[in-house]
Structure formats: structure tokens, C-alpha cells
K.L.:
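Before I ask anything, here is the structure I am working with.
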2 protein chains.
Amino acid sequence: MASIKEVAKLAGVSVATVSRVLNDKGYVGQHTREMVEQAIKELNYKPNEVARSLFKKQSSTIGLIVPDIMNPYFPELARAVEDTASKFGYNVILCNSDEDKVKEQAYLDMLQQNYVNGIIVSSNTMTAEQVIKLNIPVVSIDREISKGLPTIVVENMKGAHTATRYLISKGCSRIAHIRGPQGVVNADERCEGYREVVQQESWFSESYIVDGDYDMESSIEATLELLKTHPEIDGIFAANDIMAIGAMKAANQLGTKVPDELAIVGFDGIKLSSVTIPELTTIVQPIYEMGEKATKMLVSLMNQQEVGQTYYKFDVDLIERNST
Amino acid sequence: MASIKEVAKLAGVSVATVSRVLNDKGYVGQHTREMVEQAIKELNYKPNEVARSLFKKQSSTIGLIVPDIMNPYFPELARAVEDTASKFGYNVILCNSDEDKVKEQAYLDMLQQNYVNGIIVSSNTMTAEQVIKLNIPVVSIDREISKGLPTIVVENMKGAHTATRYLISKGCSRIAHIRGPQGVVNADERCEGYREVVQQESWFSESYIVDGDYDMESSIEATLELLKTHPEIDGIFAANDIMAIGAMKAANQLGTKVPDELAIVGFDGIKLSSVTIPELTTIVQPIYEMGEKATKMLVSLMNQQEVGQTYYKFDVDLIERNST
DNA sequence: TCAGAAAGGGTAACCGGTTACACATAGAAA
DNA sequence: TTTCTATGTGTAACCGGTTACCCTTTCTGA
């Protein structure tokens, strides 16, 4: 790879002038500029980003920390982030934290050592202190680290209301909820939303709420157990799509017909939800838009631009399909 | 962030000595070493990776270029690559090429400018020339760029044989194939494998092979068309899982029972294949292992170590589930 | 006519590491 | 005792850019 010195020599100017042409900064004569551009073309010169980063204390890179890219929610988010970052000239370093505090801190250190300009993170375990100590813009997505930090979330409560009311409107008279992990904010909110709608119903009891782990296995088990103890259940609101699919599998295993005998609604609107048979009715989050928004906000933050609002709560939508 | 100079000053030594301690290189007295380590701890010093990269002409980063991380095959691959890279101290820059030659070249340039040490790529459009010009180790995965370049693929032909023979063994007497895009090596091979098994059958004609685009929509359409023109079909081998699921949807739409009236086999063994109802019988690729192997090979290549074999063809397995 | 501003471009310091080289000292071999 | 080698440490060049600062030349306006 040719360096700026070689370009300077070929063009018969100093490196400073080449740099000025490159960055379109300072005064450069028309003729000189052409000479330099010619030399650049001739040598197929591309400036060394590492050297640039060292001087600027800024790499044109952002970090994306997710719990696990294999979790179907995150590929779409990652795609949105990468697309948007790329549009603004940034690269994306992918990190899988497994929600592990030690790994998370290690990634944070690594990103800082690499002079990344900003970080997008989805985590339940990260603390505000960790983030602030970094001294780099951080946007939190899907999960809230702390009020005050830039955050992108969705209307979990409202989505849960919508899902539960919808099941009622479909004629369900006994509606259960498979909730996400205790302590995870969005799981708590979705559960709370469900509870607000059903708690004044005469049939409701706490045993209609069962724990899941946001994965399929836990949900299958929970549903099997649920339908055994409460055979009267005719509607399930699962806190995410994977668990909703698990519920469908459990129902199928027991010979319970979906949607005729049991209606099921999920949450998230991941692509997966439309490949099942029957297709899943779900509360969709605008995942791509959220990733895009997060990245745009991060870019503004990195460029020290004004960014007015730093807390966004995206609306969610019910998509009616065949599981209800 | 503290710099090496500050550490040197605090420890009362020169920066060279600090560097020696850091890298465990050259002679350092026991007492001096302790002083330096103490200073490092005190300042919470972490060496600046960018400065290091500049001098070494090596960043501890590798690039991963995939067509689209949203394609369900790739998250698992990405996870494997990131896990393995991380284990060896490397970061991963994620790039979505959309199989677009221009984007691909742009990513290649960018990665080179950022001094990445190596690249893992999955692409049909990249040429050997592009790769060689980079002068960086590149491992191709899932798709073959050129014999001679480090490559990880699977036994596509054999997998197709297995799938087709399996359908025959299950009593299917008219077996169709939904193939992947023309010109894509693995699609061609899978099709060829199918053809080898069925072409001596008396019932076989080219009209049993239909084009798909490795996505669900194309497959639904193709299957609908196929079943209309050939109602006698009782088995379908789809060239990937997504298309197999598309075929299931089409069958469902026509009221054809899977697996009773129509058996379906997919290819890839992505996680998705086990969430459908009925679960999909498929030829599984060891995706995670492939990503792991690719990364390990890349690391060896980057460290100029001996790597004997550079072409791996992984075996595939039939997983029997409920779609057959 | 002449001061001051604008335009054009070079020199060298700097970013934060690594390492070749120089130098000093101590112990081992001759 | 002398010489050689191993050990320990500092100085400064270097990686490839950016930019503060300086110097010249040309233009502008009073």
C-alpha cells in the first residue's frame, strides 16, 4: 500500500499538501490539487485509517454489543446498525456478551482501546457507572440502562395491553401469560401490562402467569404445565415470539388446536413469526427502524451535534395472523 | 486514558522498559518489572491498540463479510467466528455485502485500510484476483471462490444424494427438487446430486426441477406451480431450509398434508428448521464448527504458521424429523 | 504607495506505541 | 588478569497520517 509520502513525492509537493487535498482543508492551488489527485489515482492510494485514528483519537468504528447474535431479534438490529453506520462511513465491531458482566467489561475495554467512537448496546447487566466511565457516547437499545442515558425502547406496557385486549375481543375467556425472566425490564413491563388488563377479571389468579426464559424450551415446558393445571385456558399471551412458538408446539403436542381451541399472541415481530404454520399473531416492534434511529443518534452524539431528544419509546403494532 | 509515557514516568523508567514488560520481550530486571507493573495497575493503564497497529501494520481485527446477517444461516456462523476470534484476541468487523460486487470491493478496501489481519468471506461474486490483490489471508466459507484459496465447504452433492435416497426409502415415488439460484456453486451441486439419483428413474423429467431463489416467497410460488402441474408429486427436496418451509406453507395452503401426502426435506439445518410444525427433516451442516474451523485456520494463516490442509469439505448429516 | 489580508505551500511536532542500537555492568571463561 | 557474553536499560527513529506555525507571494483598499 502506497503511503502519503510516495504520493507527495510523485506529485512533487509536501505531505501536508497531500493531506490538505485529501481532507479538502486549507488552501490548495488548482494546479497543485490536480497534480496530487493525479498521483493518488496513479498509485491507487488509500489513506491509512489506523494512522488517522491515532492522531485523531477517533477510529471510524462503532461497537455493537448484543447478548447473542443467534437470538433472532438481533440479526435484524445488527443489519440496521451496520447499514446505517456504513452509510455514515463507520464500521461495526460485533460483540456477543451472553449477558455476562465479565465479558461485557472486557468488550468495553477492548472497544475503548481501539478508539471506537461510540457504542450501541443491548444489555440488562450493564450499569450506568460502567457507561459513564468510558467517556464515549453509548446508546442503549431494547433495554434501558438508566434514565438519562440515550435509550431506544418500545411501548412494552401498551403492547401488552393491546395483545391481551385483543385476545379478549377474540372471545378468549381465560388468558394466561408466559412472562420473560424476572428482573429484565421489558419482561416486567410486558407482564405488568397484561396484569393491568386482567386483574379485575373474576377468573384471574396469579397462577395464570408462568415464568419463561425468553427461549423455546422453557416455554414448551411452561405451557405443558400450564395447560395441565388450567385446561380451561383458551388464550395465551407470550412475552416474546420464540416463547409463543414454544406454546404452539406444546399445544400441538397435546393435540390442542391453534387457533380454534387456543389463541396465541407473541411479542417482537421477528421474521420467524411469519414462517410458522399457522403464522403467529404478534405485537411487532419496528426493529430495523430502532437500530437505524439508534445509529443515527449515536453518529450525532459522536459528532458533538445537537441531539435534542435522547430517549425514544417506539410504538408497537398488532399484526393479526392465523394463531388467533 | 493513561499513556505509556505516564506509566514510564510513574515507574521511573523509560518507555522502552514499559513496553518490554508489557510484551514480555527482552531483558527486564525483577525489581524494575515490579515497579512497572505497580504503575500500570495504579494508572489502570491499557495499551493503545491503534498505536500498536500502526507500528505493527496489524490490527487485532478480522473482517467477516456475509451476504446478509438476516439470512438465518449467518448468525450462527457469525457467532462461531466471533467466539473463536475473541478466544484468540481478535475483534470482528461485520460487513453485509448483499452479494453486491461494488459493496464487496468497498468493504475489502475499508478492511485493508484498517489493517485487518485477515478476512472470512462468504460470497458468490468475489473473484480470486480480488482476494489475491489484497495480500491478506482470506478464508472462504460455504462458497468456493477458487481452488487453491483456503476454503471451507460441505458435501453438497453427498447431502443431496442422501436427501433424495431418503425420500425414496420413505416410499416417495415422484420426487421434485426446488433448486437454488443458477450459477451459485452450492445450488448447482445440490441439484446435480439430486439429478444423479433420480435421472435413471422412468418417471423423471426436467420439469421436476424448479427454480427458487433461496428465499421463502420464491419457493411458495414455485411449489404452488409445481403441485398444480404435477399433482402426483409426493416428495420434495428443497435446496435449503427456508425454501423447504416455503414448500410446507404452499402445501398447507393447498390442503396437502405434510408428511402424509407430501414429504419434504430441506438443507442447512438452521435453527429455524426445528421451530416449524411439523419440524423439518433436513440435511444439517455443522455451521458452528465450520465457522470455528475457518477462524482457526485464518488465525494460523495470519501468524504465518504451517497450516497443512487449506481446503475442508465438511460432512453433512440427515436429521429425521416430522416433515417426512 | 504601502500596510494588511488572503492564498499557497513547506517544516516539523505530534498521536502512542515498538524496537534497533548504544552503552554499562557483572559474571564466566581463558 | 583479560576478554567475552549475558543482562539490564535508555535514546531515538519509525509507523503514516494531521495540523500548528512559519514564510512567500499576490491582491485589496485607503
Side-chain angles (χ1 to χ4, degrees), chain A residues 1-40 43-61 89 109-117 135, chain B residues 1-40 43-61 89 109-117 135:
Chain A
M1 291 229 294
S3 78
I4 196 169
K5 272 186 206 139
E6 300 169 51
V7 175
K9 193 192 287 179
L10 181 60
V13 299
S14 76
V15 293
T17 304
V18 178
S19 180
R20 288 194 191 101
V21 171
L22 243 39
N23 300 294
D24 223 354
K25 233 179 204 172
Y27 299 113
V28 181
Q30 184 54 35
H31 178 248
T32 313
R33 160 166 279 122
E34 276 160 19
M35 294 303 292
V36 171
E37 275 162 358
Q38 174 59 28
I40 288 176
L43 295 172
N44 187 28
Y45 167 72
K46 307 242 165 53
N48 181 322
E49 279 302 324
V50 176
R52 234 177 213 182
S53 300
L54 180 60
F55 186 86
K56 299 265 206 76
K57 295 174 183 290
Q58 297 264 323
S59 72
S60 52
T61 303
D109 287 345
M110 177 278 279
L111 291 171
Q112 193 174 31
Q113 286 177 64
N114 280 283
Y115 276 155
V116 302
N117 305 32
N135 216 15
Chain B
M1 289 229 295
S3 78
I4 197 169
K5 270 183 208 142
E6 300 169 51
V7 175
K9 192 191 288 178
L10 181 60
V13 300
S14 76
V15 293
T17 304
V18 177
S19 180
R20 287 191 192 104
V21 171
L22 242 39
N23 298 294
D24 222 355
K25 234 180 202 173
Y27 299 112
V28 181
Q30 184 54 35
H31 178 248
T32 313
R33 162 166 278 124
E34 277 161 18
M35 294 302 293
V36 171
E37 277 164 356
Q38 174 59 30
I40 288 176
L43 295 172
N44 188 28
Y45 168 72
K46 307 242 168 52
N48 180 321
E49 280 303 326
V50 176
R52 236 177 212 181
S53 300
L54 179 59
F55 187 87
K56 300 266 206 76
K57 296 173 182 289
Q58 298 263 323
S59 73
S60 52
T61 303
D109 287 345
M110 177 277 279
L111 291 172
Q112 193 174 31
Q113 286 176 65
N114 280 282
Y115 275 156
V116 302
N117 304 34
N135 216 16

K.L.:
Atom CD1 of B:I40 and atom P of C:dG17: how far apart are they, to the nearest Å?
P.N.:
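My rounded result for the distance is 10 Å.
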K.L.:
Ignoring backbone atoms, establish whether A:N48 has a side-chain N or O less than 4.0 Å from OP1 or OP2 of D:dC15.
P.N.:
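So the side-chain polar atoms of A:N48 never come under 4.0 Å of the phosphate oxygens OP1 or OP2 of D:dC15.
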K.L.:
For B:N23 and C:dT19, what is the distance between atoms CG and P respectively, to the nearest whole Å?
P.N.:
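Rounding to the nearest Å, CG of B:N23 and P of C:dT19 are 7 Å apart.
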K.L.:
Output the rounded distance in Å from CD1 (A:I4) to C1' (C:dT11).
P.N.:
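Result: 14 Å.
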K.L.:
Please confirm whether the shortest side-chain N or O distance from A:K57 to OP1 or OP2 of C:dC14 is below 4.0 Å.
P.N.:
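No, no such contact exists.
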K.L.:
Do B:M1 and A:Q112 come within less than 4.5 Å of each other through their side chains, counting heavy atoms only?
P.N.:
yes
K.L.:
Within this structure, what is the CZ-to-P distance between B:F55 and C:dT19, rounded to whole angstrom?
P.N.:
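Taking CZ of B:F55 and P of C:dT19, I get 5 Å after rounding.
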K.L.:
For B:A51 and for B:V28, locate the closest nucleotide of DNA chain D by heavy-atom distance; then report the residue assigned to the nucleotide nearer the 5' terminus.
P.N.:
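Final value for this comparison: B:V28.
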K.L.:
Any idea which of C:dT19, C:dC15, C:dG17 is nearest the B:P47 side chain?
P.N.:
C:dG17
K.L.:
To the nearest 0.5 Å, what is the distance between CG on B:N23 and CZ on B:R52?
P.N.:
5.0 Å
K.L.:
Using distance alone, with no hydrogens and no angle criterion, decide if A:Q30 and A:E34 have a side-chain donor and acceptor under 3.5 Å apart.
P.N.:
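Short answer, yes.
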K.L.:
Hey, could you give me the CZ/OG distance between B:F55 and B:S19, rounded to the nearest 0.5 Å?
P.N.:
9.0 Å
K.L.:
Starting at atom CZ of B:R52, determine the distance to atom P of C:dT19, rounded to an integer number of angstrom.
P.N.:
9 Å
K.L.:
Between the protein and nucleotides 10-12 of chain D, which nitrogen or oxygen pairs come in under 3.5 angstrom?
P.N.:
from   : atom 1 : to    : atom 2 : distance (Å)
D:dG10 : OP2    : B:S14 : N      : 2.9
D:dG10 : OP2    : B:S14 : OG     : 3.1
D:dG10 : OP2    : B:T17 : OG1    : 2.6
D:dG10 : O6     : B:R20 : NH2    : 2.5

K.L.:
Rounded at 0.5 Å granularity, tell me how far CG in B:L54 sits from CG in B:N48.
P.N.:
10.0 Å
K.L.:
Just the rounded figure in Å: distance from P of C:dC15 to CG of B:L54.
P.N.:
14 Å
K.L.:
Can you pull out how bent the helix from C:dT1-D:dA30 to C:dA30-D:dT1 is, comparing the axes over its first five and last five pairs, to 10°?
P.N.:
40°
K.L.:
Any heavy-atom pair between the side chains of A:I40 and A:L22 that's under 4.5 Å?
P.N.:
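Yes; the side chains approach each other to less than 4.5 Å.
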K.L.:
With the side chain of B:K56 defined as its heavy atoms from C-beta on, choose the nearest nucleotide among D:dT18, C:dT18, C:dG16.
P.N.:
C:dT18
K.L.:
Taking atom P of C:dT18 as reference, at what distance in whole Å does atom NZ of B:K5 sit?
P.N.:
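Checked: the NZ to P distance equals 13 Å.
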K.L.:
Run through B:V36, B:V15, B:V13, B:V28 and flag the one making a side-chain contact (heavy atoms from CB on, under 4.5 Å) with B:R20.
P.N.:
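Of all the options given, the one that passes is B:V28.
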K.L.:
Which donor-acceptor pairs under 3.5 Å do side chains of residues 4-12 of chain A form with protein atoms, sequence neighbours excluded?
P.N.:
from : atom 1 : to   : atom 2 : distance (Å)
A:E6 : OE2    : A:S3 : N      : 3.2

K.L.:
Do the side chains of B:E49 and A:V50 get nearer than 4.5 Å, heavy atoms only?
P.N.:
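Result no, sub-4.5 Å side-chain heavy-atom pair not found.
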K.L.:
Relative to the 5' end of DNA chain C, which residue comes earlier, B:K25 or B:V50, by the nucleotide with the nearest heavy atom?
P.N.:
B:V50
K.L.:
With the side chain counted from C-beta on, respond yes when A:T61 and A:N114 share a heavy-atom pair under 4.5 Å apart, and no when they do not.
P.N.:
no
K.L.:
From C:dC15, D:dG8, D:dG17, pick the nucleotide closest to the side chain of B:Y27?
P.N.:
D:dG8
K.L.:
Whole angstrom is fine here: how far is it from CD in A:Q30 over to P in C:dG9?
P.N.:
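Rounded to whole Å, this separation is 10 Å.
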K.L.:
Scan A:S19 against the nucleic acid and name what it touches under 4.0 Å (heavy atoms): base, sugar-phosphate only, or nothing.
P.N.:
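Result for A:S19 = base.
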